[in-house]
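What follows is a short report on a single structure.
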Amino acid sequence: VVSGSAERVSNNAIGLLRVWDPRVDDKKCGRLKGHTDNVRCVYVSEDGTRCISGSSDATIKLWDLGQQRCIQTISCHSDSVWAITADATFSNIY
């Protein structure tokens with residue numbers, strides 16, 4: 001399970017993705033850092049290995065959930081990204 005959140009660090013909002021695995025006892029598995037503002041939308045691949053996120057920082061990020069790192073940042077918007085989806089192979093992001 002992946003969820004977007006905003007946290008305050010030294011009076012600056014940073015956008016985080018929180019990752020949980022419902023199959024393990026300690027369900028909280030990690031935090032993905034990279035967005036500089038609130039995370040507004042998240043879409044997880046069918047196999048659960050990747051996700052994309054959109055943020056108020058006007059970027060879209062592609063994440064590898066196994067490695068818990070951002071593998072691509074797309075900057076094509078001039079304002080917040082409020083909704084996001086992708087095809088099955090993540091070749092096209094909408």
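Of all non-hydrogen atoms in His35 and Ser55, the two that sit nearest each other are ND1-CB, 3.1 Å.
Linking Ile, Leu, Val, Met, Phe, Trp and Tyr whenever their side-chain heavy atoms come within less than 4.5 Å puts Val39 and Val19 in one cluster. Hydrophobic clustering of Ile, Leu, Val, Met, Phe, Trp and Tyr side chains at less than 4.5 Å, counting indirect connections, keeps Leu17 apart from Tyr43.
Under a 3.5 Å cut-off, the side chain of Thr36 and the backbone N or O of Asp57 do not form any donor-acceptor pair. Using a distance-only test at 3.5 Å, with no hydrogens or angles considered, no donor-acceptor pair links the side chain of Thr85 to the main chain of Tyr94.
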Check: residues 73-80 side-chain donor-acceptor pairs under 3.5 Å, at least two apart:
from: Thr73; atom 1: OG1; to: Lys61; atom 2: NZ; distance (Å): 2.8
from: Ser80; atom 1: OG; to: Ser56; atom 2: OG; distance (Å): 3.4

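Phe90 contributes atom CZ, which lies 7.5 Å from atom OG1 of Thr49 (distance to the nearest 0.5 angstrom). One distance of note links CD1 of Ile60 with CD1 of Ile93; it measures 6.0 Å at 0.5 Å rounding. For the atom pair SG of Cys41 and CD1 of Ile52, the computed distance is 7.5 Å after rounding to the nearest 0.5 Å. Annotation: the span from Leu62 atom CG to Arg50 atom CZ amounts to 6.5 Å, rounded to 0.5 Å.
Contact annotation: the side chain of Leu65 approaches that of Leu32 to within less than 4.5 Å [non-hydrogen atoms, C-beta and beyond].
Pairs engaging residues 63-72 under the side chain to side chain donor-acceptor pair (under 3.5 Å) rule: Ser53-Trp63, Gln67-Arg69 [sequence neighbours left out].
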